[in-house]
Every structure is written in C-alpha cells, then in structure tokens.
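Since the model is a prediction, treat every value here as computed from it, not as a measurement. Here is how names work: the chains are called A, B, and so on, in the same order as the sequence lines, proteins then strands, and each is numbered from 1. Values reported hereafter were calculated over all heavy atoms of this structure, with side chains retained and with hydrogens, waters and symmetry mates removed.
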Amino acid sequence: MARELAKQYDPKSVEDRIYGFWLKGKYFHAKCELNKPTYTIVIPPPNITGQLHMGHALDNTLQDILIRFKRMQGFDTLWLPGTDHASIATEAKIVEKMRQEGLTKEQIGREGFLTRAWDWKKQYGGRIIEQLKKMGSSCDWDRERFTMDEGCSKAVKEVFVKLYEKGLIYRGERIINWCPHCKTSISDAEVEYEEQAGHFWHLRYPFRDGSGYLELATTRPETLLGDTAVAVNPNDDRYRDLVGKTLILPLVHREIPVVADEYVEMDFGTGVVKITPAHDPNDFEVGLRHGLEVINVLTEDAKITADYPKYAGMDRYEARKAIVADLEAEGALVKTEEYSHNVGTCYRCGTTVEPRVSKQWFVKMKPLAEPAIEAVKNGETKFVPARFEKIYFHWLENIRDWCISRQLWWGHRIPAWYCADCGKITVSKEEAKVCAHCGSEKITQDPDTLDTWFSSALWPFSTLGWPEETEDFKHYYPTNTLVTGYDIIPFWVMRMMFSGIEQTGQVPFDTVLIHGLVRDSQGRKMSKSLGNGVDPLEVIDKYGADALRFSLATGNSPGNDMRYIDERVEASRNFANKLWNAARFILMNLHSEEVLPLDPAAFALEDKWILSKLNTLISGVTENLEKYELGMAIQKLYDFIWDVFCDWYIEICKSRLNGPDEQAANTARSVLIAVFTDILKLLHPFMPFITEEIWQSMPHEGEALMIAEWPKFAAEYEFAAEEADFEKLMAVIKAVRNRRAEMNVPPSKKAKVCIETKFPEVFAAGNAMICRLAYASEVEVGEQFESEGTVRVITDSAVVYMPMKELVDIEAELARLQKDLQKAENDKEFFERKLNNPGFVSKAPAAVVEQQRAQLDKALEKLAMLRAGIAEMEKMK
RNA sequence: GAAGGCGUAGCUCAGUUGGUUAGAGUACCUGCUUGACAUGCAGGGGGUCGGUGGUUCAAGUCCACUCGUCUUCACCA
C-alpha cells in the first residue's frame with residue numbers, strides 16, 4: 001500500500017521539500033545534449049532592488065509552464081535566470097539610504113559608492129531569486145547571471161567598441177531629457193507624459209526701433225532668460241514684414257531676432273513663439289536651422305544659473321513666479337490664462353523632466369532599426385499575439401537616436417578616454433593607458449555609465465558567453481521564446497532584437513509571448529502609492545504556489561490585462577484539493593505499489609470511454625501549448641479532471657472496486673492509474689508541486705514527474721463508437737437525476753429503473769453504473785414496459801420508466817412531457833430548416849451537414865418517443 | 001491628433017482559421033452527513049454576445065458606421 005495522504009492538500013508541507021528534491025536531482029540543469037532539439041528561454045532579469053510582485057509571478061509562471069512542457073517533450077531545455085543591475089533605480093535607493101545617514105555621493109567618492117553598491121547587491125540581489133523559487137520556477141540556477149558580472153561587462157564593452165568603430169555610436173551635444181532629481185540624462189522611452197494644469201502667459205516683446213510690440217504666449221516664462229529669438233510662420237501674412245526685425249527681450253534686455261520657421265503653427269495662440277534652444281527640443285531644432293545661440297539658464301538640479309544674479313539659485317518654479325511678477329512690473333505681461341498641457345516626467349522618480357543641452361553618447365538608430373523591422377516583417381521573429389507587432393513597428397519606424405550615457409556611477413562605465421593633449425577620444429575594450437592618437441598618458445576615462453538597457457539589450461547572448469564562441473552559445477542561441485509584458489517592448493524587446501541581429505547575425509528569439517498587466521480587483525494598476533499591490537508570497541502562503549500559478553494562467557488571453565481576484569485563487573486551491581482527493585481515492589483502492597499493465601481485452605465500456613476522452617485531451621492540450629494557448633490548455637485539463645474523471649469515471653469505478661469480481665476491480669485500478677498518471681503529467685507544467693508530490697506517492701516508473709515523458713495520443717485507445725454509446729448511458733443518468741430532483745425524491749429513496757431502448761446491449765453493460773448514479777434499486781432493460789403508475793423520462797436513445805406510483809401525478813407528468821415535446825419540436829424544426837436550405841447543403845462542408853443531419857435524427861427519435869409516451873398517458877387519464 | 005484594446009450570464013472572464021440551438025468560475029435558488037473531497041455531490045434559474053447596417057448557406061467570430069470605456073504614442077510654444 002502506498003503512502004497515505006492527508007484529507008486536505010497542504011501546500012506548505014510540500015512545496016519547499018519538492019523544490020529541494022528537484023534541485024537535488026539537478027533536473028533544472030541544462031546539459032547541452034547535442035542529440036536533442038533545444039528549447040531556450042532567457043528570463044527577463046528582475047531588478048536587484050526588486051521584490052517579487054504579481055507581474056513577475058505571471059511572467060515566471062508562463063515561462064515555467066513552457067519550459068516544463070518542452071522539457072517533458074524531450075527537448076534539451078534551458079531557462080537561464082539572472083538579475084539586472086538597474087542603474088538608475090538602484091543608485092537612487094542607495095543615495096536615499098545614504099541621505100538618511102547624512103551622506104552624499106560626493107562625500108564618499110566613486111570608489112566608496114561602488115563598494116556600497118556591491119554590498120547592496122550582495123545583500124538584496126539574491127532576495128528576488130529566492131522569491132522566484134517559491135513560484136516553482138525551474139531555472140537553471142547554475143547558469144545564473146547578472147548584467148554587471150564579468151561576462152556581461154565584457155559583452156557590453158565589445159558591443160560599445162564595435163558600434164563606435166562602425167560609426168553607430170557617437171558623442172555629441174544634443175538636447176536630451178534631463179531628470180533634475182536623479183541628475184542624469186534619460187532616454188526618450190524613459191519619459192512619461194502626464195496632463196498637468198498650468199498657465200498660459202501672454203507676453204509682449206518690444207521692437208528695438210520702438211515700432212511697437214510682438215505678442216506671444218508661453219507656459220514657461222522662466223526660460224525667457226534663455227530666449228535667443230522669436231519665431232513666426234513664414235506664410236503668416238500678419239507677421240511677414242516683421243521677419244528679420246529685432247526685439248528687445250524683456251527683463252534681460254538682450255536683442256533677439258524675429259525668424260521665420262515652418263514649425264510655428266499659425267492658428268495656435270498668437271502665432272508667435274519665443275525660442276529657447278537650450279530648454280526645449282523643438283526650439284533646439286529651430287535654433288540649429290537658424291544658427292541661434294544656445295543659452296543654458298538652468299543648472300543640473302534645475303535652478304537658475306549664476307549668470308542671472310537676480311534669480312540665481314531659485315528653482316524652476318520659484319523663478320517662474322518671480323519672473324512673472326517682474327514681467328508684470330515691466331508691463332510685458334498682457335494676460336494670464338488657465339491652461340492644461342502635457343508635461344514629461346521621469347519614469348523612475350516622477351520629477352518633471354527638463355530638456356537640456358549637454359554632451360552625451362548616442363546610438364545611431366536608423367541603420368540598426370531597419371533589419372530589426374525586417375526580421376519581424378519576414379516572420380523570423382513572431383509576436384504572440386500578433387497585434388503587438390504594430391507597437392514594435394511603430395517604435396522602430398519613428399525611432400530617434402538613443403541617448404545611452406547616464407550621469408550615474410552604478411553601471412557599466414563608458415569605455416572612452418579623453419586626451420588632455422590632443423583632445424581626441426580613445427575607445428577601447430581594455431583599460432586604456434595612453435591616447436590612441438598621440439600616445440599621451442594624460443587621458444581620463446569618461447565618468448559616465450551606460451543606460452541599464454544597453455546591457456539588457458545583449459542579455460540573450462551575453463548570458464550564453466558571447467563574444468566567446470562557447471558551447472552554450474553555439475547550442476542554445478538563438479533562444480526560442482521571450483516572455484514579457486507589453487509595457488517593455490520599446491525598452492527591451494526592440495533593443496534585444498536589433499542588438500542580436502547586429503552582433504550575432506541572428507534574431508535573439510523566434511517568438512515573443514506578450515502578456516498584460518496584473519491589476520487589482522477593481523482593474524486599477526497595482527502601485528506602491530495606491531497601496532493596492534498584492535504580494536504573491538502572501539498568496540502562496542495562503543493558497544499555495546500551484547493555486548496562484550493556476551489562477552494566473554487561467555481565464556485570460558495573451559496580451560490582455562487581468563485582474564487579481566482572491567476568489568479565483570481560492571477556486572484554484574479547491575481544484576488542487578480535488579486532484580489531491582482523487583489521488584487519495586485511487587491510493588485507498590490499490591493493493592500494491594505496482595503499475596498495473598493495461599489489458600484492452602478486459603476493458604469495460606467506461607474504460608474505453610475514458611481512454612478515448614483522454615486521447616482527445618492529450619491532443620488538445622499539446623496543441624494548445626504549442627500554440628501558446630495556455631489558458632485554453634488549462635481549461636481543458638480542469639474540465640477533464642473535475643468533470644470527466646472525478647465526477648464520472650471515479651464514481652463509475654466504485655462499483656467494480658467494491659464488487660466481488662477481483663479481475664474487474666484490477667482492470668479498473670489499472671485504468672485509474674494509467675489515466676491519472678497522464679493527467680498528472682499534463683497538469684504538471686501548470687501545477688508542478690502538487691502533481692510531483694502525488695506522482696511520487698503513486699505507483700510510478702522513473703525518478704521524477706518533472707522529467708517524465710509527455711503523454712502522446714494512443715491510436716490503440718481510440719474508441720469512438722464506445723464513447724458515443726457511453727454517452728447514451730450518461731444521458732439517461734442525467735435525465736433520471738433531473739426528474740428525481742424535480743420531484744424532490746431524495747437519493748436514499750431508490751427506485752427500479754426500466755429502460756426501453758433500441759440499444760439493449762449498451763444499457764445492459766451500464767447496469768451497475770445506472771444503479772449507482774441514477775439511484776436505482778435495480779435496472780431492467782427491455783423492449784417494452786408497463787407504463788402505468790410510472791414516472792418516465794425520455795432521451796434520444798431510451799425511454800425510462802420508474803415505478804413510483806405514489807409520486808405519479810398524471811397531469812403533471814403530461815405537462816412535463818408536453819414541455820419536452822415542444823422543445824423537441826423546436827429542435828426538429830430548427831435542423832430541418834437548416835437542412836432544407838439548398839445553400840447550406842450545397843455550400844457547407846460535408847462534415848457540418850452530416851453533423852446537422854445527425855442532430856435532426858436525434859431530435860426525430862426523441863420526438864417519436866415523446867409522442868408515443870404522451871398518447872399512452874392520455875389513455876390513462 | 002494617431003494607433004490599439006475592451007464592451008458576452010449579477011460579478012470576473014474564456015470562446016483558436018466564421019460551422020452543433022453561446023461556455024467556465026463565482027454568486028444565487030433547490031435538494032444531499034451517497035466512507036476521495038462540504039476546499040464536496042446532484043439539480044436549477046440566469047446572457048442572443050454594446051447599438052445599427054452589411055458580407056455569407058452560416059457571424060459573438062469578418063466589414064462599415066456608431067456609442068461607451070481603457071491604454072499607448074504624438075503634441076501647439
């Protein structure tokens with residue numbers, strides 16, 4: 001007798017033990033088996049500052065399902081894990097912690113800061129990894145990587161130098177997005193726009209020659225200090241004659257020209273725009289076209305520079321107030337309007353971004369974007385669902401050069417040195433000692449680091465050992481599936497695509513599986529500020545990891561957002577418990593730990609039925625998984641396990657298991673084990689812990705369920721006819737139960753069941769089952785029965801009489817039969833109408849027509865039986 | 001301004017290339033201490049798939065228009 005299981009499934013007593021068992025068996029470890037096809041996933045590396053949230057839980061559940069499925073299918077699978085150094089986020093956290101200690105970066109210096117950062121990484125970097133393990137993630141932990149480890153750093157330098165040498169990385173003075181709080185540049189993708197209430201200040205700038213004023217409007221009067229022109233549209237008749245004239249800038253009293261530029265919209269505002277090239281991206285462009293001076297009026301923390309003593313040291317908003325007041329005093333303020341506009345904010349800290357001109361490193365995007373667009377257009381890489389390709393194309397087609405330098409210390413330092421003698425730049429993979437141009441030793445390395453996403457972009461190949469031609473790289477690259485949320489397509493997916501193509505000549509993955517966001521029960525985004533986040537670890541603690549995984553994988557389609565609803569996890573927990581109890585039932589009824597061989601000659605009708613249904617399940621689930629239809633796969637499993645297997649098959653087996661015929665009981669045992677074992681295998685990718693635990697307790701062959709072979713469709717267990725026959729029995733049982741329930745007959749009150757049918761052998765075979773499931777005292781099958789004093793139910797294959805004299809109310813029975821008759825007549829009419837439609841019969845596929853004809857036949861059968869029954873009853877009245 | 005998602009039972013959502021008279025979970029109602037499971041069993045009520053029009057033998061599924069809702073991108077100072 002196998003191990004006794006507890007009455008309820010207790011995830012806590014199972015999960016850590018099973019995870020340890022898997023680790024001990026090294027089942028997660030990819031062995032580079034050259035004779036097998038490979039299947040590779042690289043994890044989207046969570047930030048070292050991060051804590052597991054529902055997004056990770058979803059992302060990792062999906063990856064684990066895929067990897068476990070492929071592993072069981074016999075692929076050489078690698079799921080490569082790791083973490084991201086998350087330069088800006090991590091640095092911000094460390095700086096904040098230092099602030100609490102009264103320290104600043106400058107005080108402890110770069111070296112001291114980096115020591116702290118690495119300590120931080122050591123302390124917290126492992127936390128999220130441990131949390132991923134709680135989810136059951138079967139990552140190859142022996143291959144765990146970090147974006148700043150030696151190998152990844154080497155790849156970063158390699159790529160930087162290669163792109164620099166190709167002219168695809170350059171350094172230039174451009175207007176970039178600057179975060180005054182993080183004190184670094186950020187890329188376009190890192191700016192989030194939000195609607196903010198503001199003002200529209202109408203100002204007038206006087207002409208130098210005293211010929212009046214030009215009126216314009218601005219939302220940012222403080223940038224007036226840096227105005228170097230005023231622009232109008234060249235086609236604007238109102239202002240055509242004014243182009244080329246000179247204005248006096250209020251407050252500053254600098255002379256600035258009126259220029260003509262297409263950028264100005266004639267019908268917006270007054271059709272006149274002040275131009276501040278240093279603090280507005282559009283103005284910067286205008287400035288370039290007209291050779292305007294760029295005057296920076298703000299410091300790196302967005303305060304007015306010392307060049308304007310009156311306002312120096314004021315931050316942007318103070319300065320705005322002061323300047324508006326002064327403009328008013330000077331008579332330059334015409335009026336103030338309420339105005340709502342979009343303001344760019346830093347995606348990390350939410351501070352309003354300040355466009356700023358500075359010297360930064362950029363990646364030239366056009367030449368890189370084109371092959372990346374092409375690779376998706378020609379299908380080398382596919383998005384699931386395909387609609388996300390549009391987002392991908394949209395980003396790549398409208399892409400601007402990527403600002404990759406960050407004024408941060410935590411990250412990959414830019415491998416560029418500046419020569420104090422010749423002024424040229426030396427870019428090198430190795431630590432440069434002398435200037436590559438003049439040999440001078442007076443060189444200093446660029447203090448900046450690279451955008452975090454620069455290293456993430458290389459993740460699919462840097463983690464496999466590239467630029468070395470390692471075994472792993474040769475064997476596992478390109479990878480197969482990338483699983484991620486739609487929100488990071490522009491940050492990450494796109495950049496991995498062009499980096500992979502440029503560096504390795506191959507797309508980094510063949511499929512991008514996109515999922516949505518996990519929202520709260522009201523559909524709001526989970527966020528720290530709202531405090532509506534649900535901690536996956538708490539959910540695991542309450543319901544178990546399998547229940548959480550099951551909930552996340554069910555009931556939503558790829559790419560769509562989903563809500564986290566506690567009740568759903570509870571339902572998943574109940575499902576786990578159902579499975580657990582099915583296992584308990586089987587175990588209680590076994591006499592040995594042997595796997596009993598199947599003997600098709602001994603199969604009962606129900607055995608053939610369940611095996612046939614199992615076949616359908618195996619094909620369906622496998623196909624769904626291969627097409628990334630995880631939700632549909634799991635729905636099929638749920639229905640099969642609960643409905644087909646537990647509610648019907650197990651119930652039916654009870655007769656044989658408790659009966660006197662030991663051989664029949666053994667047949668039932670053998671089929672129970674066989675079907676249940678396949679169920680465990682099919683369910684394993686979704687609910688790995690409980691299935692492994694049960695499998696280990698059941699008779700089994702092999703070491704572990706997680707490395708067992710994925711079930712295959714078995715042609716020898718195709719029993720279509722038997723399946724249909726069995727369903728005739730089910731129909732009768734359901735009909736009897738239904739009628740009994742309607743009449744409020746308790747299960748304890750058994751009744752004889754007489755079945756009048758054209759399929760006597762089928763119903764004879766189902767005798768025991770009908771007794772058990774239709775609460776029958778005995779079952780008689782025959783051609784004709786005495787109907788007087790009986791309750792009758794009619795299916796499409798049988799008329800069932802139950803002698804229940806005391807309950808029979810002829811009028812009520814008649815009414816019920818009439819109702820059934822009406823329904824059957826409607827059915828008949830429905831199918832007849834269809835089949836009488838010449839268009840349908842001639843154009844619809846034969847199989848569909850056949851199906852409808854069969855339905856009609858069934859309806860006709862039933863109709864005939866109902867009519868006969870009613871006629872008989874009328875006589876009894 | 002542009003692109004896209006969503007709108008199916010009270011609630012949360014499935015519904016694969018158009019093809020049995022639309023499904024699940026949950027909630028609700030009625031029964032049930034049926035020795036795997038009350039985290040259970042049996043039965044039931046409840047949607048015509050936002051609206052209008054079209055294509056088709058056939059539409060929740062395709063097309064057009066429309067209403068509501070959400071998201072992303074862009075943006076006029």
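- Look at A/Lys390 and you'll find a side-chain N or O under 4.0 angstrom from OP1 or OP2 of B/G4.
- In this structure, of B/U30, B/A36, B/U34, it is B/A36 that holds the atom nearest to the side chain of A/Arg584.
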Scoring nucleotides 12-22 of chain B by protein non-hydrogen atoms under 4.0 Å (B base, S sugar-phosphate only, - none) yields SSSSB--BBB-

5' to 3', nucleotides 43-48 of chain B under a 4.0 Å protein heavy-atom cut-off (B base, S sugar-phosphate only, - none) gives SS----

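- Across B/A9 and B/G25, the matching C1' atoms stand 12 Å from one another, rounded to whole Å.
- Closest to the A/Asp647 side chain, of the nucleotides B/C41, B/A36, B/U39, is B/C41.
- The listed nucleotides are B/G25, B/A74, B/C37; the one nearest the side chain of A/Lys7 is B/C37.
- Within 6.0 Å of NZ on A/Lys654 lie more than 12 heavy atoms contributed by other residues, nucleotides or ligands.
- To the nearest whole angstrom, the two C1' atoms, one in B/G15 and one in B/A24, are 10 Å apart.
- Atoms CD (A/Glu285) and P (B/A77) sit 17 Å apart, rounded to a whole Å.
- Checking A/Ala189 against A/Phe575, the closest nucleotide of RNA chain B that is more toward the 5' end is the one next to A/Phe575.
- Nearest to the side chain of A/Ala571, among B/G40, B/A77, B/G25, sits B/G25.
- Comparing B/U39 with B/G44, their C1' atoms are spaced 23 Å from each other, to the whole Å.
- The aromatic rings of A/Phe575 and A/Phe550 lie tilted to each other, with the angle between the two planes from 30° to 60°.
- Between the P atoms of B/A64 and B/G4, the separation comes to 11 Å (whole Å).
- Summarising the base pairing, B/C6 is matched to B/G68 through a Watson-Crick or G-U wobble pair whose two defining distances lie under 3.5 Å.
- Ranked by how close their nearest RNA chain B nucleotide is to the 5' end, A/Asp280 and A/Glu192 are led by A/Glu192.
- Other residues, nucleotides and ligands place no more than 12 heavy atoms under 6.0 Å from the CZ atom of A/Arg400.
- With rounding to whole Å, A/His341 atom NE2 is found 17 Å from B/A74 atom P.
- Summarising the base pairing, B/G19 is matched to B/C57 through a Watson-Crick or G-U wobble pair whose two defining distances lie under 3.5 Å.
- Contact between the side-chain N/O atoms of A/Tyr339 and the OP1/OP2 oxygens of B/A77 is found at a separation under 4.0 Å.
- A donor-acceptor distance shorter than 3.5 angstrom exists from the side chain of A/Asp546 to the backbone of A/Ile690, with no hydrogens or angles considered.
- With hydrogens and angles left out, the side-chain atoms of A/Tyr543 and A/Asp541 include no donor and acceptor closer than 3.5 Å.
- The residue A/Trp580 sits apart from the nucleic acid: no heavy atom pair falls under 4.0 Å.
- The side chain of A/Arg387 approaches B/G5 more closely than any other nucleotide in the set B/A74, B/G5, B/C41.
- Distance, A/Ile641 CD1 to B/C37 C1': 14 Å, rounded to whole Å.
- Here B/C11 sits opposite B/G25 as a Watson-Crick or G-U wobble pair (both hydrogen-bonding atom distances under 3.5 Å).
- Evaluation of atom-type donor-acceptor distances gives no pair under 3.5 Å for the side chain of A/Gln8 against the base of B/A36.
- Protein atom CD of A/Glu570 is 15 Å distant from nucleotide atom C1' of B/C11, rounded to whole Å.
- Closest to the side chain of A/Tyr775, from the set B/G25, B/A42, B/A77, is B/A42.
- Taking atom CZ on A/Arg772 and atom C1' on B/U34, their separation rounds to 7 Å, with Å as the unit.
- Remark: side-chain polar atoms of A/Arg568 are paired, donor with acceptor, to backbone N or O of A/Ser551 under 3.5 angstrom.
- Taking atom C1' in both B/G60 and B/U72, one finds a spacing of 27 Å when rounded to whole Å.
- Using P as the reference atom, B/C6 and B/A14 are 9 Å apart when rounded to the nearest Å.
- Phosphate contact (OP1/OP2 of B/A36, side-chain N/O of A/Lys654, threshold under 4.0 Å): present.
- Residue contacts shown for A/Tyr486 are absent, as no nucleic acid heavy atom lies under 4.0 Å away.
- Set against B/A74, B/A77, B/C73, the side chain of A/His394 has B/C73 as its closest nucleotide.
- Base pairing analysis places B/G47 opposite nothing; no Watson-Crick or G-U wobble pair with both distances below 3.5 Å involves it.
- Ring to ring, A/Tyr339 and A/Phe200 are close: their centroids are under 6.0 angstrom apart.
- A/Asp796 contributes no side-chain N or O that, together with a main-chain N or O of A/Glu861, makes up a donor-acceptor pair within less than 3.5 Å.
- What separates CG of A/Asp566 from P of B/A27 is a distance of 13 Å, to the nearest Å.
- Counting to the nearest Å, the P atom of B/C73 and the CZ atom of A/Phe388 are 13 Å from each other.
- In terms of modelled atom types and a separation under 3.5 Å, the side chain of A/Arg316 and the main chain of A/Thr352 share a donor-acceptor contact.
- For the side-chain hydrogen bond (donor to acceptor under 3.5 Å, both in side chains) with A/Thr223, the lone residue among A/Arg320, A/Glu354, A/Lys274 that qualifies is A/Lys274.
- Taking the centre of each ring, A/Tyr347 and A/Phe491 come in below the 6.0 Å mark.
- In this structure, A/Ile514 atom CD1 and B/U71 atom C1' are separated by 15 Å, rounded to whole Å.
- A salt bridge links A/Lys823 with A/Asp827: the closest approach of a Lys/Arg side-chain nitrogen to an acidic carboxylate oxygen falls below 4.0 angstrom.
- B/A3 and B/C65: their P atoms are spaced 11 Å apart (whole Å).
- Between B/G23 and B/U8, the two C1' atoms lie 10 Å apart (nearest whole Å).
- For A/Lys750, the NZ atom sits in a packed shell: over 12 heavy atoms of surrounding residues, nucleotides or ligands are nearer than 6.0 Å.
- If you check every strand for non-hydrogen atoms under 4.0 Å, A/Ile275 touches nothing.
- In this structure, B/G40 and B/C32 make a Watson-Crick or G-U wobble pair, each of the two defining distances being under 3.5 angstrom.
- Phosphate proximity of B/C41 to A/Trp642: present, with a side-chain N or O under 4.0 Å from OP1 or OP2.
- Counting any heavy atom pair closer than 4.0 Å across all strands shown, A/Val264 reaches a base atom.
- Summarising the base pairing, B/G1 is matched to B/C73 through a Watson-Crick or G-U wobble pair whose two defining distances lie under 3.5 Å.
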